[in-house]
Amino acid sequence: LKSKQIPSPSRRTCILTCLLALLPGTSGLAASEQALRFPDAVRLAPGGPRLARRGSGRFRFFFVPYYDCALYTLPELQDAQEVLAVDAPRRLIIDALRQITAFEFLWGLDQGLADNSTRAELKAVQRDLERVRAIVREAGGLERGMRGALDYLPGIGVRLLLNDRPQGPALGGKPLA
């Protein structure tokens with residue numbers, strides 16, 4: 001018998017799958033998780049498609065809560081593979097639960113990118129990542145209560161928003177998303 005090698009999913013797919021598994025209305029959520037306050041749906045532009053909240057959760061580092069986050073995609077996209085494969089709008093919202101310095105934010109960003117991207121993927125978006133880093137340094141990080149968002153708009157790129165205000169022009173395209 002020949003054994004078949006089944007390719008393992010990327011870490012990015014695994015993380016997105018875990019986030020999608022935290023769908024609203026899940027009965028097993030802890031009281032603190034039920035307190036997450038995100039709308040059920042958003043639109044990235046007036047008249048744009050409705051994006052449904054696919055999942056939300058709380059990020060902690062050494063048991064210290066840093067931020068709540070939520071992912072929005074087209075309602076018909078059902079799993080992480082589809083979300084990553086389809087060139088469709090999406091939004092990631094991050095609500096700061098404490099002050100997050102620029103250093104902390106960029107350290108987390110760099111760790112997440114290193115863990116979930118190949119060298120070729122990172123090289124392809126390096127220029128845009130430097131612009132993201134400059135925006136975060138200029139903002140000084142995230143103050144408690146501040147909302148950050150990353151919007152991906154096909155044909156336009158990735159918009160970075162702080163408290164609903166765009167931070168410069170759109171960055172890159174689907175590779176950055």
Side-chain angles (χ1 to χ4, degrees), residues 8-20 22 38 42 44-45 48 51 53-62 64-74 77 80-177:
S8 62
S10 72
R11 288 182 186 160
R12 185 180 335 190
T13 302
C14 290
I15 290 169
L16 193 53
T17 299
C18 291
L19 186 57
L20 289 173
L22 295 171
F38 294 107
V42 297
L44 303 185
L51 302 181
R53 186 180 66 224
R54 305 304 300 161
S56 60
R58 178 161 288 158
F59 174 78
R60 292 178 175 89
F61 187 69
F62 286 114
V64 176
Y66 270 72
Y67 59 82
D68 290 339
C69 61
L71 177 67
Y72 294 84
T73 67
L74 293 173
L77 300 178
Q81 293 284 355
E82 283 183 288
V83 170
L84 291 172
V86 174
D87 194 21
R90 57 184 174 250
R91 171 175 274 185
L92 176 68
I93 295 177
I94 299 171
D95 284 348
L97 301 174
R98 62 181 303 278
Q99 179 180 352
I100 303 169
T101 67
F103 175 83
E104 290 169 321
F105 188 90
L106 294 174
W107 180 85
L109 175 68
D110 290 340
Q111 291 298 312
L113 289 169
D115 290 346
N116 297 294
S117 305
T118 66
R119 285 185 182 168
E121 288 171 330
L122 289 174
K123 187 175 181 179
V125 297
Q126 190 60 40
R127 199 158 110 214
D128 289 323
L129 288 174
E130 286 306 320
R131 287 176 54 201
V132 169
R133 289 180 182 100
I135 289 168
V136 171
R137 284 186 194 106
E138 185 176 319
L142 298 174
E143 295 296 323
R144 182 175 188 210
M146 185 178 268
R147 174 168 281 184
L150 291 170
D151 292 348
Y152 172 64
L153 299 140
I156 295 174
V158 176
R159 290 187 313 194
L160 175 61
L161 297 97
L162 294 176
N163 288 334
D164 298 321
R165 290 191 337 247
Q167 303 296 304
L171 306 168
K174 192 164 186 319
L176 186 62

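Numbers for residues simply follow the sequence, beginning at 1. Hydrogens, waters and symmetry mates play no part in the numbers below; they use all other heavy atoms, side chains included.
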Rounded to the nearest 0.5 Å, the CZ atom of F38 sits from the CG atom of L71 at a distance of 11.0 Å
Least distance between heavy atoms, P89 atom then L51 atom: O-CD2, 3.8 Å
Does atom CD (Q111) have a neighbourhood of more than 12 heavy atoms from anything else shown, all under 6.0 Å? yes
Could you tell me which residues satisfy side chain to side chain donor-acceptor pair (under 3.5 Å) with R133, sequence neighbours excluded, listed by chain and number? D110, E130
Between A96 and E143 the two heavy atoms that sit nearest each other are CB-O, 3.4 Å
Show your reasoning for whether side-chain contact (heavy atoms from CB on, under 4.5 Å) applies to L129 and L122. CA-CA 9 Å; L129 288 174; L122 289 174; 4.2 Å; yes
For Y72 and L92, run side-chain contact (heavy atoms from CB on, under 4.5 Å): C-alpha distance rounded to whole Å, both residues' side-chain angles, the deciding distance at 0.1 Å, then the answer. CA-CA 6 Å; Y72 294 84; L92 176 68; over 6 Å; no
Spacing of CZ belonging to R90 relative to CG belonging to L153, to within rounding of 0.5 Å: 10.5 Å
Rounded distance [0.5 Å steps], CG in L150 versus SG in C69: 11.0 Å
Non-neighbouring partners of R98 that pass salt bridge (Lys or Arg N to Asp or Glu O under 4.0 Å), sequence neighbours left out: E104
Quick one: ring pair (Phe, Tyr, Trp, His ring centres under 6.0 Å) partners of F59, sequence neighbours excluded? Y67
Pairing residues for E82 by the salt bridge (Lys or Arg N to Asp or Glu O under 4.0 Å) criterion, not counting sequence neighbours: none
Please round to the nearest 0.5 Å and tell me the distance separating atom OG1 of T73 and atom CZ of R91. 13.0 Å
Show every donor-acceptor pair shorter than 3.5 Å between a side-chain atom in residues 159-170 and any protein atom, with sequence neighbours excluded, or say none if there are none.
{"from": "R159", "atom 1": "NH2", "to": "L44", "atom 2": "O", "distance (Å)": "3.2"}
{"from": "R159", "atom 1": "NH2", "to": "D151", "atom 2": "OD2", "distance (Å)": "2.7"}
{"from": "N163", "atom 1": "OD1", "to": "R147", "atom 2": "N", "distance (Å)": "2.9"}
{"from": "Q167", "atom 1": "NE2", "to": "R165", "atom 2": "O", "distance (Å)": "2.9"}

Side chains of L97 and D68 in contact at under 4.5 Å (non-hydrogen atoms): yes
Any pair counted as ring pair (Phe, Tyr, Trp, His ring centres under 6.0 Å), so long as it reaches residues 104-149, sequence neighbours left out: F61-W107
Rounded to the nearest 0.5 Å, the CG atom of L106 sits from the OG1 atom of T101 at a distance of 8.5 Å
